[in-house]
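Contents: one structure, followed by commentary.
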Amino acid sequence: MLDADLVARFRNIKLLSLDLDGTLTDGGIYYAEDGSELRKYQVQDGYGILLVKDAGIEVALITRSDTPAIQKRIDRLKIKFGRMGVYEKLPVLKEICKELGIGLDQVCHVADDVNDMDLMETVGLPVAVANARPQVKKAAAYITQAKGGDGAVREVCDLLLEHKI
């Protein structure tokens, strides 16, 4: 059960921001013989994203990775704010918030590794997946029970939906 402060944070969210590798995936990258990268996604995470979008919460995917297969996942989930090849994520998130007319305090960011620390220290609801690096967990207001790529994003989506006013 969440305390009142955490429930209030979940209720305030207008944008769910996600890291990709280690958050929407288990962090493993497979290389095919032709050199292309392959990732595995949890279908329940994808459905959770669709549910929160249907409930009026925008979704952003901000990742350093940049492959055609990732773009296909962004397209399949109809994520309007899919940004690939991003090394400095905070300025990109600020641009998205400006476009949406919301503050960073209305953002939930879900991450697993230290390259997202600037976001974790800035957003209203920083969330670490269960297998996140210790620094990320320390910065989190909530740590999922599920690991990245194994339902962690769905867990966050369910909490957003449960506490949406």
Side-chain angles (χ1 to χ4, degrees), residues 2 6-27 38-86 89-113 115-116 118-120 122-132 136 140-165:
L2 306 180
L6 198 49
V7 168
R9 287 189 193 204
F10 272 98
R11 282 191 175 138
N12 191 45
I13 298 306
K14 303 288 185 219
L15 174 66
L16 173 60
S17 172
L18 303 167
D19 176 42
L20 178 77
D21 295 318
T23 301
L24 270 174
T25 74
D26 64 7
L38 304 171
R39 290 168 174 82
K40 180 184 80 160
Y41 298 94
Q42 168 56 254
V43 102
Q44 291 179 1
D45 287 343
Y47 191 62
I49 289 169
L50 295 173
L51 290 173
V52 297
K53 286 177 57 203
D54 286 347
I57 297 170
E58 288 287 350
V59 177
L61 178 82
I62 307 171
T63 179
R64 283 187 178 187
S65 298
D66 187 359
T67 69
I70 295 169
Q71 185 62 56
K72 286 195 181 296
R73 187 66 175 156
I74 290 168
D75 294 344
R76 183 172 197 88
L77 295 174
K78 296 177 176 56
I79 296 173
K80 179 178 178 182
F81 301 102
R83 305 292 189 265
M84 298 184 302
V86 176
K89 294 183 179 185
L90 186 55
V92 171
L93 182 60
K94 286 180 177 179
E95 287 176 21
I96 294 168
C97 287
K98 184 176 179 183
E99 184 175 334
L100 291 171
I102 64 171
L104 288 166
D105 64 314
Q106 295 175 296
V107 177
C108 170
H109 184 71
V110 186
D112 72 307
D113 215 333
N115 62 313
D116 283 72
D118 55 346
L119 299 179
M120 295 295 285
T122 306
V123 300
L125 180 55
V127 174
V129 297
N131 56 326
V136 177
Y142 180 79
I143 301 169
T144 64
Q145 297 296 309
K147 294 180 180 178
D150 194 27
V153 171
R154 179 57 182 268
E155 181 179 331
V156 174
C157 291
D158 288 348
L159 287 167
L160 287 168
L161 293 168
E162 179 182 339
H163 299 293
K164 186 169 173 38
I165 295 176

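Keep in mind that what you see is a predicted model, and the values were worked out from it rather than measured. All values below were derived from every heavy atom in this structure, side-chain atoms included, with hydrogens, water molecules and symmetry-related copies excluded.
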Residue pair [X] / [Y]: nearest heavy atoms and the distance that separates them:
| X | Y | result |
| --- | --- | --- |
| Cys108 | Val127 | SG-CG2, 3.7 Å |
| Ala146 | Gly151 | CB-C, 3.6 Å |
| Gly22 | Val129 | O-CG2, 3.7 Å |
| Ala130 | Thr144 | N-OG1, 3.0 Å |

Any chance you could measure [X], atom [atom1], to [Y], atom [atom2], to the nearest 0.5 Å?
| X | Y | atom1 | atom2 | answer |
| --- | --- | --- | --- | --- |
| Leu20 | Asp112 | CG | CG | 9.5 Å |
| Leu61 | Gln71 | CG | CD | 9.5 Å |
| Asp118 | Asp116 | CG | CG | 7.0 Å |
| Asp45 | Thr23 | CG | OG1 | 9.5 Å |
| Gln106 | Ile13 | CD | CD1 | 8.0 Å |
| Ile70 | Thr67 | CD1 | OG1 | 3.5 Å |

Would Glu155 and Tyr142 count as a side chain to side chain contact (heavy atoms under 4.5 Å, CB included) if you check the C-alpha gap in whole Å, the side-chain angles of each, and the deciding distance to 0.1 Å?
CA-CA 11 Å; Glu155 181 179 331; Tyr142 180 79; 2.6 Å; yes

Could you go through Lys53 and Glu58, starting from their C-alpha distance and side-chain angles, then the distance that decides it, and tell me whether this counts as side chain to side chain contact (heavy atoms under 4.5 Å, CB included)?
CA-CA 6 Å; Lys53 286 177 57 203; Glu58 288 287 350; 5.8 Å; no

Would Leu93 and Ser17 count as a side chain to side chain contact (heavy atoms under 4.5 Å, CB included) if you check the C-alpha gap in whole Å, the side-chain angles of each, and the deciding distance to 0.1 Å?
CA-CA 8 Å; Leu93 182 60; Ser17 172; 4.1 Å; yes

For [Y], is there an ion pair with [X] - N to carboxylate O distance below 4.0 angstrom?
| X | Y | answer |
| --- | --- | --- |
| Lys89 | Asp19 | yes |
| Asp26 | Lys147 | no |
| Asp21 | Arg39 | yes |

What I'd like to find out is whether the side chain of [X] reaches to under 4.5 Å of the side chain of [Y], using heavy atoms alone.
| X | Y | answer |
| --- | --- | --- |
| Val92 | Phe81 | no |
| Leu18 | Thr63 | no |
| Leu159 | Glu162 | yes |
| Lys94 | Leu104 | yes |
| Cys157 | Leu16 | yes |
| Leu15 | Ile57 | no |
| Leu6 | Leu125 | yes |
| Val136 | Met120 | yes |

Determine the interplanar angle of the Phe10 and His163 rings, folded into 0 to 90°, and report it as parallel if under 30°, tilted if 30 to 60°, perpendicular if over 60°.
tilted

Report the C-alpha separation of Asp66 and Val86 in whole Å, then their side-chain angles, then the decisive distance to 0.1 Å, and conclude whether the side chain to side chain contact (heavy atoms under 4.5 Å, CB included) test is met.
CA-CA 9 Å; Asp66 187 359; Val86 176; over 6 Å; no

Can Arg154 be said to sit on top of Tyr47's aromatic six-ring, NZ or CZ under 6.0 Å from centre and within 45° of the ring axis?
no

Look only at the side chain of Asp105 and the backbone of Val123, and say whether a donor-acceptor pair between them is shorter than 3.5 Å.
no

Please check if the side chain of Thr25 supplies one atom and the backbone of Lys40 the other of a donor-acceptor pair under 3.5 Å.
no

Val59 and side chain to side chain contact (heavy atoms under 4.5 Å, CB included): which single residue from Ile74, Leu50, Val52, Val153 fits?
Val52

